[in-house]
Structures are given as structure tokens and as C-alpha cells.
Amino acid sequence: MTNQEMREIKERLGIIDFKINYKTGVHYGVIEDFFSGKTDELDPKDRQRIEAMLKAEVKKG
């Protein structure tokens, strides 16, 4: 999943940063910087956790 796809899913579903933090354990500041566009880099483990969480949210509908 590309960075843009991840951002689009978050926006489309209205997922807040805190929910991503709570469900993935990824540091809130990292999530905030990534989704605000301040950085395009994520640790591979963090990316995997966030992608899995976003995919689960899409399936939930």
C-alpha cells in the first residue's frame, strides 16, 4: 500500500490518529507526522502494523 493510499483510507473512513495509535501501538507523534505529510518515511514494522489496521477498518466498512 502506498503512502497516498494509506492517507486516503484514513481520510475516507474518518479514522483519527489516536485510534491508529491505540490499535497499533505506533507512537502518536510518528502517526501524526506521517499522516499530516511532514514525513513519508515509516519504520517497516510500524508501516506493517498501520497497513494491517487500515485494511481491517476497510473490511469493517
Side-chain angles (χ1 to χ4, degrees):
M1 184 179 303
T2 67
N3 292 348
Q4 189 59 34
E5 289 172 330
M6 292 170 68
R7 291 177 178 130
E8 287 172 3
I9 290 170
K10 179 186 177 284
E11 289 300 314
R12 182 170 39 98
L13 297 178
I15 300 170
I16 61 172
D17 293 344
F18 179 76
K19 183 175 183 177
I20 297 171
N21 168 251
Y22 180 77
K23 289 194 168 208
T24 65
V26 176
H27 190 272
Y28 186 83
V30 172
I31 294 166
E32 191 175 48
D33 287 349
F34 176 76
F35 284 105
S36 70
K38 290 181 184 175
T39 182
D40 280 334
E41 296 181 26
L42 281 174
D43 181 273
K45 290 180 183 178
D46 291 346
R47 174 178 287 280
Q48 184 179 21
R49 289 183 200 150
I50 293 171
E51 281 184 11
M53 182 263 180
L54 291 174
K55 287 177 184 176
E57 290 295 317
V58 168
K59 285 181 184 177
K60 268 198 246 184

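Not measured: the values here are computed from a predicted model.
A distance of 10.0 Å separates CZ of R49 from CD1 of I31, quoted to the nearest 0.5 Å. For the atom pair NZ (K45) and CD1 (I50), the distance works out to 14.5 Å, reported to the nearest 0.5 Å. Between the CG atom in L42 and the CZ atom in F35 there is a gap of 7.5 Å [rounded to 0.5 Å]. Rounded to the nearest 0.5 Å, atoms CD1 (I9) and CE (M1) are 4.0 Å apart. Between the CD atom of E32 and the CD1 atom of I16 there is a distance of 12.0 Å, given to the nearest 0.5 Å.
In terms of the side-chain contact (heavy atoms from CB on, under 4.5 Å) criterion, residue partners of I15 (sequence neighbours excluded) are, by chain and number, K10, L13, K19, I20, M53, L54, E57.
The existence of a salt bridge linking R47 and E51 is confirmed by a sub-4.0 Å separation between a basic side-chain nitrogen and an acidic carboxylate oxygen.
Annotation: Q48, atom CD; neighbour count of heavy atoms from other residues, nucleotides and ligands within 6.0 Å does not exceed 12.
Nearest heavy atoms, D40 versus R7: OD1-NH2, 2.8 Å. Annotation for Y28 and F18: closest pair CE1-N, 3.6 Å, computed over non-hydrogen atoms.
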